[in-house]
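One structure is given below, encoded as structure tokens.
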There are 4 protein chains.
Amino acid sequence: MLLRKEGRRAQKKLIKENKLLDAAYHLFVEKGITATAIDEIVKKAGVAKGTFYLYFKDKEDILEKLILKKSSEIVKKALQEVSNKEFPSPVDKFLFFLEYIIDYLSKNRMLFRFLKKDFSWVFYKKITENDQLVEIKKAKEMFLKNFNTNYSQEELEMVIFMILELVSSLTYSSIVNSEPAPIEKVKPLLLSTIRKILEN
Amino acid sequence: MLLRKEGRRAQKKLIKENKLLDAAYHLFVEKGITATAIDEIVKKAGVAKGTFYLYFKDKEDILEKLILKKSSEIVKKALQEVSNKEFPSPVDKFLFFLEYIIDYLSKNRMLFRFLKKDFSWVFYKKITENDQLVEIKKAKEMFLKNFNTNYSQEELEMVIFMILELVSSLTYSSIVNSEPAPIEKVKPLLLSTIRKILEN
Amino acid sequence: MLLRKEGRRAQKKLIKENKLLDAAYHLFVEKGITATAIDEIVKKAGVAKGTFYLYFKDKEDILEKLILKKSSEIVKKALQEVSNKEFPSPVDKFLFFLEYIIDYLSKNRMLFRFLKKDFSWVFYKKITENDQLVEIKKAKEMFLKNFNTNYSQEELEMVIFMILELVSSLTYSSIVNSEPAPIEKVKPLLLSTIRKILEN
Amino acid sequence: MLLRKEGRRAQKKLIKENKLLDAAYHLFVEKGITATAIDEIVKKAGVAKGTFYLYFKDKEDILEKLILKKSSEIVKKALQEVSNKEFPSPVDKFLFFLEYIIDYLSKNRMLFRFLKKDFSWVFYKKITENDQLVEIKKAKEMFLKNFNTNYSQEELEMVIFMILELVSSLTYSSIVNSEPAPIEKVKPLLLSTIRKILEN
DNA sequence: GATGAATGAGCCTTCATTCAT
DNA sequence: TATGAATGAAGGCTCATTCAT
């Protein structure tokens, strides 16, 4: 009985937090971060202003949590997609994974504009507390262990990070500014370059 | 007589503009962009508040001009350095050029933090009006024409852009967050990767 | 059985009230009254927010009760001390009583800062309900009846009040602001002045 | 021409500052300090909210300046009054000075409630920069030099301070709370006590 | 009695921008 | 050109208080 009561409360709490995250997400994507007032977020979420500060320290805080959430959602989807297919080699698998993300972001320009270059490659953030990310960490290990390269383990870690930075940075520039060219033109070159980096 | 007067005026104007740019630069670097109020800029520059709006549209405006100015300064220095040396190949020349910039930014963390990932590679901005950048454009052509690669001209342009994005993005992450590792560890790997990309 | 239950309940109640008073006291003394939020009080006391309002009307209310409590504690201690000693005259007795309080407050600057000039001389508050103060009232009468002065009873009451105001006001200023001088310098002059007032 | 312009500006500035001080004064006295919002002050003063912060750091700041202003006004009036009369002795002069202030405050209960016990005896604040207070300092010296007492100079300073504390503290209590009695009853006793202190 | 999530009025403060001088 | 006082919308944040559980 007590447990059920507490459970219901905790549930309600979670609902409110998600309402706020959702509202913030849509506003951030639509009008940009700076232009979005907390006033608007709570109005859209249908809660009182004070409630916001019950769940988040300030705008920065909710933003950070949002980026993490959205990033990990995308990465999870990509991993799911990858696990449903067979690939000739681990590198092909990895390239497919990257391509899936590039395509996803191409279709969600505004989301990407919001994630900016702060798209977090999740596995490289030092988030140990967050339970949701365990499977993502496993995926990372999977990639790392299966590449057949001349790189040492340490180098390989750095190379992967480098590649992820390159992908997000270039994809951003291409999608948002069409520089150096639209994404359709950039993508093949980008992927072939990555292959070149991994298969030496 | 009239001419001299006008000359003096223009000079005075330039002095004020530079005072403002200088003041803004130091404040941006020290306290961050958002945290810097125009009030402080004009105070530091020793001019009246209204004067700011005589030279710049708003904070964005002065920021943009500042980034361009600082970026082009760095690039110019790097090009100067390059032109004083002999290199075994154009790729070596280019790598030296990149290394010089990486080293420079390493020594000026705060500057980089301010330039953020907005470091502008100048030759890729569509700045046609700005006369100062002509020589930089020439430098770009020099690089482009002398690489001996399998890439088409169009591809090569994109690859260069890609490399520049990679350098700024990764160097930033490494210098500011030490991710994936400190710059000393990342640099050799980065440079060798770039060489791999260019020399196929 | 019922009685015992009720007793326990009443006891529990008292415990909570005291926890709240204690928590409030420490916070008021440490960070000041305005800067202390009820949120912090309940957190420190380890009770729920709503519980606060079960025992006190608002911040004012707990503050008032706290001042009364602390003031009466000090006065009681002073009276105890006095009753253990012999004095050449009632005036000497009274002066010793005052000196004891001054010394006590000197050693507890922060407490005094909190009591501010609101230190309550207890016997002058019209507290009829509060049972704890009966003995203090008796003490007051003791002082009043034994002074050998030219004052009428009514005048004497006022003079005593005047003296108490003077002591708290000047001691406060001296202890907290060192004005007109540190308490060591002020105390002898203050006491001799009071003697002069009483022994005319 | 330039001077006149600047003069006019400075004049206007002073007018605004005074408008704000006036508005704050009336609101503080009427509704209390905490209950007065800066919003109301600026509305009453007829200026924009931001203007407030052009002249004062915060509510504390304007309050402090106000207390100083009002206190010094009263003291000045009292000194003026004193200088127009002849007195049998310096002590009589001083007592008249005090009585004038007591009477003034009796007639302005609300003002006193606002000044609270923070009534500043001006000459004891270490205000050296403030030019307006020079004459008041002179007055202080006048009092100090002319008393014919057994006190050393240092003691006398302390005694005067003590008396001023006593007067403000007791008068406050008497006027605002009628404790230990209404001011009409307290005043004669207070003054005779002070005489006793000074004429030993 | 006890809880603590939710409230939302209310406050302070900042700052880009204007405009009379 | 240059000034800087004035603006006031806008926004962030706090906190005493309530009330369903």
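Each chain gets a letter, A, B and so on, in the order its sequence line appears, and its residues count up from 1.
Comparing E:dT7, F:dC15, F:dT7 against the side chain of A:Thr51 picks out E:dT7 as the nearest.
Among the heavy atoms of the strands lying under 4.0 Å from A:Tyr55 are primed sugar atoms or P, OP1, OP2 only; no base atom is included. Among the heavy atoms of the strands lying under 4.0 Å from A:Leu54 is at least one base atom, whether or not backbone atoms are also near. Using a 4.0 Å heavy-atom criterion, one finds that C:Val42 contacts no nucleic acid atom at all. Within 4.0 Å of A:Phe52, counting heavy atoms only, lies no atom of the nucleic acid at all.
Taking 4.0 angstrom as the limit, B:Tyr53 places none of its side-chain polar atoms (N or O) nearer than this to OP1 or OP2 of F:dT3. Checking the phosphate oxygens (OP1, OP2) of F:dA5, no side-chain nitrogen or oxygen of D:Lys12 falls inside 4.0 Å. The phosphate of F:dA2 (OP1 or OP2) has a side-chain N or O of B:Lys16 nearer than 4.0 angstrom.
You won't find any donor-acceptor pair under 3.5 Å spanning the side chain of D:Lys49 and the base of F:dT7, going by distance alone.
A:Lys59 has its NZ atom 17 Å from the P atom of E:dT14, to the nearest Å. Remark: C1' of F:dT3 and NZ of B:Lys43 are 14 Å apart, rounded to the nearest angstrom. As a whole-Å value, the separation of B:Asp39 CG from E:dT18 P is 16 Å. In this structure, B:Lys57 places its NZ atom 16 Å from C1' of E:dC15, rounding to the nearest Å. Following rounding to the nearest Å, B:Ile33 (CD1) and E:dA16 (C1') show an atom-to-atom distance of 17 Å. Between the C1' atom of E:dA6 and the CD1 atom of A:Ile15 lies a distance of 14 Å, rounded to the nearest Å. The nearest whole Å value for the distance from the NZ atom in B:Lys44 to the C1' atom in F:dG4 is 21 Å. Between the P atom of F:dA16 and the CG atom of C:Leu63 lies a distance of 13 Å, rounded to the nearest Å.
Atom CD of A:Glu64 has 12 or fewer neighbouring heavy atoms from other residues, nucleotides or ligands inside a 6.0 Å radius.
Residue A:Phe56 is tested with A:Leu66, A:Leu20, A:Ile38 for a side-chain contact (heavy atoms from CB on, under 4.5 Å); the sole match is A:Leu20.
When each of D:Ala37 and A:Val47 is assigned the nucleotide of DNA chain E bearing its nearest heavy atom, the one mapping closer to the 5' terminus is A:Val47. The 5' end of DNA chain E is approached more closely, in terms of each residue's nearest nucleotide, by C:Ala48 than by the other of C:Ala48 and B:Glu40. Nucleotides of DNA chain F nearest to A:Ile38 and C:Asp58 differ in position, and the one nearer the 5' end is that of A:Ile38.
Between B:Lys70 and B:Glu73, at least one side-chain N (NZ, or NE/NH1/NH2) sits under 4.0 Å from a carboxylate O, which counts as a salt bridge. Ion pairing between a basic and an acidic side chain is recognised when a charged N comes within 4.0 Å of a carboxylate O; C:Lys65 and C:Asp61 show such pairing.
Nucleotide E:dT17: paired with F:dA6 (Watson-Crick or G-U wobble, both distances less than 3.5 Å).
By the 4.5 Å heavy-atom criterion applied to side chains, C:Ile41 and C:Phe28 are counted as neighbours.
Cation-pi contact between C:Lys16 and C:Tyr55: absent, since separation from the ring centre below 6.0 Å together with deviation from the ring axis within 45° is not met.
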